[in-house]
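Structure record follows, encoded as structure tokens.
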Amino acid sequence: MSFGKMNTLVDIVQTAPVKDAEGFVSNGDVVLATIRAYREEKHGNESWANRAVFSTASALFQFRKYPNFTVTTNMVLICDTGRYRILSVEDVRRRGLYVEVLAEKLEAAAR
């Protein structure tokens with residue numbers, strides 16, 4: 001993965017309870033890391049056909065692995081196109097250099 005292809009700025013976020021000034025607790029986002037990533041939207045080529053197990057996945061993200069930081073499926077990715085729930089996390093070629101994440105785009109709730 002060349003550095004030129006990693007042109008999407010992504011926040012890795014975990015939802016945690018946050019207490020406001022009046023003492024009420026609500027769920028808020030805690031940004032764990034901001035990274036540059038390669039993003040690929042789902043389309044009909046052979047590599048996406050091989051990912052049939054993850055039929056709900058709508059995007060693929062690849063980024064460099066940070067030391068002492070583990071990306072898990074209970075985290076959310078936020079970029080310029082929206083919020084994505086992580087479905088799977090995989091070490092690319094098991095070298096510990098890059099992480100590949102399959103994610104599902106979260107739609108905004110109608111009010």
Side-chain angles (χ1 to χ4, degrees):
M1 184 63 49
S2 67
F3 190 70
K5 287 187 176 184
M6 292 193 286
N7 55 10
T8 303
L9 200 60
V10 176
D11 289 333
I12 300 175
V13 174
Q14 189 165 24
T15 305
V18 177
K19 189 180 288 188
D20 63 4
E22 296 161 352
F24 294 103
V25 177
S26 63
N27 286 335
D29 292 336
V30 177
V31 178
L32 302 174
T34 301
I35 56 170
R36 291 172 56 98
Y38 167 74
R39 179 178 48 102
E40 178 181 311
E41 295 294 325
K42 184 176 185 176
H43 55 280
N45 67 2
E46 185 178 339
S47 65
W48 277 99
N50 292 335
R51 296 183 184 109
V53 174
F54 299 104
S55 60
T56 61
S58 59
L60 169 111
F61 291 88
Q62 289 183 346
F63 48 87
R64 292 181 189 261
K65 183 176 181 184
Y66 284 141
N68 302 323
F69 182 73
T70 304
V71 179
T72 61
T73 56
N74 61 355
M75 296 177 183
V76 176
L77 300 177
I78 300 175
C79 66
D80 57 349
T81 58
R83 295 173 66 95
Y84 294 87
R85 181 174 58 95
I86 297 175
L87 299 174
S88 77
V89 180
E90 185 178 340
D91 185 6
V92 177
R93 296 185 184 164
R94 293 170 181 62
R95 293 184 183 171
L97 298 175
Y98 293 96
V99 175
E100 181 178 271
V101 171
L102 285 173
E104 173 186 18
K105 186 167 186 171
L106 298 174
E107 301 297 328
R111 292 184 187 209

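- A search for salt bridge (charged side-chain N to carboxylate O under 4.0 Å, His left out) contacts involving D91 returns nothing, not counting sequence neighbours.
- Through side-chain heavy atoms spaced under 4.5 Å, either directly or across other Ile, Leu, Val, Met, Phe, Trp or Tyr residues, F24 is tied to no other residue.
- Cluster membership for V101 and M75, using ILVMFWY side-chain heavy atoms within less than 4.5 angstrom, is shared.
- Hydrophobic clustering keeps V76 apart from L32 (ILVMFWY residues linked when any side-chain heavy atoms are closer than 4.5 Å, directly or through intermediates).
- Atom CD of Q62 sits about 9.5 Å away from atom CG of L102, to the nearest 0.5 Å.
- One hydrophobic cluster, built from ILVMFWY side chains closer than 4.5 Å, holds both I35 and V30.
- Residues meeting the ring-ring contact (aromatic ring centres under 6.0 Å, His included) test with Y84, sequence neighbours left out: F61.
- Contact check for I12 versus F63: side-chain heavy atoms found under the 4.5 Å cut-off.
- Linking Ile, Leu, Val, Met, Phe, Trp and Tyr whenever their side-chain heavy atoms come within less than 4.5 Å leaves V71 and Y98 in two separate clusters.
- Atom NZ of K105 is separated from atom SG of C79 by 7.5 Å, given to the nearest 0.5 angstrom.
- To the nearest 0.5 Å, the span separating CG on N7 from CZ on R36 amounts to 7.0 Å.
- Residue pairs meeting the side-chain hydrogen bond (donor to acceptor under 3.5 Å, both in side chains) criterion with at least one member in residues 69-79, sequence neighbours excluded: T72-N74.
- Listed by first and then second residue, the side-chain hydrogen bond (donor to acceptor under 3.5 Å, both in side chains) pairs involving residues 15-34 are D11-T34, D29-R83 (not counting sequence neighbours).
- Note: the hydrophobic cluster containing Y66 also contains L77 (ILVMFWY, side chain heavy atoms under 4.5 Å, direct or indirect links).
- As a member of the Ile/Leu/Val/Met/Phe/Trp/Tyr network built from side-chain separations under 4.5 Å, V25 groups with nothing else and remains a singleton.
- Residues S58 and E41 share a closest heavy-atom pair of O-OE1, 3.3 Å.
- To the nearest 0.5 Å, the span separating CZ on R39 from CG on D80 amounts to 5.5 Å.
- Put simply, the side chain of K65 never gets that close to the backbone of V92: no donor and acceptor are under 3.5 Å apart.
- Interatomic distance, CD of E90 versus CD of E100, reported as 5.5 Å (0.5 Å rounding).
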